[in-house]
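Here the structure is laid out as structure tokens; the discussion comes afterwards.
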Amino acid sequence: MASEPVNVNEFQELARRALPKMYYDFFAAGAEDQHTLRENVEAFSRITFQPRILVDVSKIDTSTTILGYKISSPIMIAPTGLRKLAHPEGEIAMARAAAACNTIMVVSFMATRTVEEVASSCDAVRFLQLYVFKRRDISAQVVQKAERYGFKAIVLTVDAPRFGRREIDIKNKMVSPKLKNFEGLVSTEISDDKGSNLEALVSEIFDPSLSWKDIKWLKSITKLPILIKGLLTCEDAIKAMEVGVSGIIVSNHGARQLDYVPATISALEERRRENSFRTSLRSLDGNLNYPTRTWREWRSLSLQARGGITLEEKQRICLDKLSRATKVVQAVGGRVPVLLDGGVRRGTDVFKALALGAQAVLVGRPVVYGLAAMGEQGVRRVIEMLKDEFEIAMALSGCPRVKDNNRSHVRTERDRLRSML
């Protein structure tokens, strides 16, 4: 490997060399068999491009807006806890890099630097990730402190009622450093001779009773917009709209919670099916160009009726299924931003996520690897590399602006299967 990395993936090896094994493993590993960890990355490789040619791309604008805040590209920094394990400056270096790149950082609730320290490090837009503790007053104090110090949104992580089984941390007997946001509020020095003390800590302080009704409680303690991070299903997306969240982050917690859940890029399109459904509605004619699931249902009915179903009846069946399915995307699409977290390693991955309906992506492990390898400069280089690759993908796909990127620019496995029917 060259001394200077030429892509984001090469920072991982630099981080492995720079960190003690326990700390590298903590950042790099996933839950149990790590199937979802691999799939988060590999799923992107199964999406191909359908570029447009002879488009004026002499000027490319990668900027976008999230919750009213303009950022230089749709690449944000995901919340990753214990960043001081990667570099002595931890969240401070990360915050300064985010500010320099004009993007949004989501500061982890399990940070090794306080809300005050991060806020005073630089002038930038930042959100606070939130876990809800059994002692709600502690979570409330940190949220309200973040609001006082100029944080712009709360990102509620909802996929951790229990700690995922991270076997590498158990083998390494992973030890958590002090969490400065909670000093004097709750003891975070919990030991577990049988495995990871981080797992023991989470079991001791996280509230497993957290439910949808608690969004009302969270709204009562802050005026900040609330995004929910950790959704993977349409059903939960509907519920999120019903309780009035300001954004959704499609995430499987970096594959660190429940193994064998879908890759986030695979789960994303379930929230953005309106384009394909509208196309199908327009094509309800004699060609019978219906969505795969509805076509199968119609085919079954048709075989049973032995040709007794009219075209009008076939269209009615299809429309009924479509109207029920589009209620999901009507509850999400266009009303709040949908962001994607997990598996992004290339600027082309960013392009693919946006083509499938995300407004931006959150990047976790790559920026941590950059932090471990080169500190603040490493984080900046990771973000800049992804942005440069994203800009090239836009140009070569015929998209001078972010909003020009749409579903027609990519082809997924589902598209290929549908074409064979």
Side-chain angles (χ1 to χ4, degrees), residues 1 3-5 7-30 34 37 40-41 75-101 103-115 117-118 121-122 124 126-129 131 157 164 166 168-169 171-182 188 196-199 201-202 253-256 341-345 362-386:
M1 183 189 297
S3 59
E4 291 295 317
N7 62 59
V8 166
N9 290 313
E10 293 182 357
F11 277 96
Q12 182 168 356
E13 176 59 21
L14 296 179
R16 188 188 66 79
R17 295 177 186 178
L19 295 176
K21 182 179 184 300
M22 178 188 291
Y23 296 165
Y24 172 78
D25 287 348
F26 167 72
F27 291 119
Q34 303 187 102
L37 180 66
N40 266 355
V41 176
I75 302 166
M76 299 166 54
I77 295 181
T80 306
L82 313 185
R83 283 178 175 152
K84 199 171 182 180
L85 299 181
H87 189 275
E89 293 187 343
E91 290 81 8
I92 301 299
M94 196 76 74
R96 289 171 176 162
C101 294
T103 192
I104 297 171
M105 172 185 175
V106 183
V107 179
S108 173
F109 199 61
M110 307 295 281
T112 46
R113 292 298 190 105
T114 65
V115 165
E117 289 174 327
V118 175
S121 66
C122 57
R126 58 183 66 88
F127 301 165
L128 176 73
Q129 180 212 24
Y131 290 108
T157 295
R166 305 170 192 177
I168 293 180
D169 287 347
K171 289 181 179 180
N172 289 338
K173 296 187 181 297
M174 173 63 192
V175 177
S176 170
K178 290 183 178 181
L179 303 174
K180 296 186 68 176
N181 277 314
F182 313 121
T188 58
S196 165
N197 97 311
L198 187 59
E199 181 176 358
L201 172 64
V202 168
H253 211 105
R256 295 160 71 84
D341 166 55
V344 172
R345 299 295 184 272
L362 282 78
V363 180
R365 286 184 176 90
V367 291
V368 172
Y369 297 148
L371 179 66
M374 301 179 182
E376 177 185 335
Q377 181 62 24
V379 178
R380 292 177 62 173
R381 290 194 60 189
V382 165
I383 297 172
E384 289 165 357
M385 282 180 175
L386 291 173

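For the atom pair CG of N7 and CZ of R345, the computed distance is 11.5 Å after rounding to the nearest 0.5 Å. With rounding to the nearest 0.5 angstrom, the CE atom of M385 is 7.5 Å from the CD atom of E10. Note that CZ of R16 is 11.5 Å distant from OH of Y369, once rounded to the nearest 0.5 Å. The CZ atom of R380 sits 13.0 Å away from the OG1 atom of T103 when rounded to the nearest 0.5 Å. The distance from atom SG of C101 to atom CD1 of I75, rounded to the nearest 0.5 Å, is 9.0 Å. Between atom CG of residue L371 and atom CZ of residue F27 there is a gap of 7.5 Å, rounded to the nearest 0.5 Å.
Between the E91 side chain and the T112 main chain, a donor and an acceptor come within less than 3.5 Å of each other. When atom types are taken as modelled, the side chain of R166 and the backbone of R256 share a donor-acceptor pair closer than 3.5 angstrom. Between the side chain of N172 and the main chain of M174, no donor-acceptor pair closer than 3.5 Å is present. Side-chain N or O atoms of R96 include none that pairs as donor or acceptor with a backbone N or O of Q377 at under 3.5 Å.
A side-chain N or O of Q12 and one of Y24 form a donor-acceptor pair less than 3.5 Å apart.
In this structure, the side chains of I77 and V379 come closer than 4.5 Å at one or more pairs of heavy atoms. Looking at K171 and D25, their side chains never come closer than 4.5 Å, going by heavy atoms from C-beta outward. Annotation: side chain of M374 is in contact with side chain of L14 (closest heavy-atom distance under 4.5 Å).
R365 and A29 make their closest contact through NH2-O, 3.0 Å (heavy atoms, listed as atom of the first residue, atom of the second, distance). Here the closest non-hydrogen pair linking V107 and A111 is CG1-CB, 4.4 Å. Residue V382 comes nearest to G370 through the heavy atom pair CG2-CA, 4.0 Å, listed as atom of the first residue, atom of the second, then distance.
With salt bridges taken as basic N to acidic carboxylate O contacts below 4.0 Å, none links R381 and E384.
Listed by chain and number, the residues in a side-chain contact (heavy atoms from CB on, under 4.5 Å) with A95 are M105, V118, S121, C122 (sequence neighbours excluded).
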* Residues I383, V363; criterion side-chain contact (heavy atoms from CB on, under 4.5 Å); working and verdict -> CA-CA 9 Å; I383 297 172; V363 180; over 6 Å; no

Throw together a table of side-chain donor-acceptor distances under 3.5 angstrom for residues 83-90, partners on residues two or more places apart or in other chains.
unit_1, atom_1, unit_2, atom_2, d
R83, NE, T80, O, 3.3
R83, NH2, A78, O, 2.4
H87, ND1, E89, N, 3.1

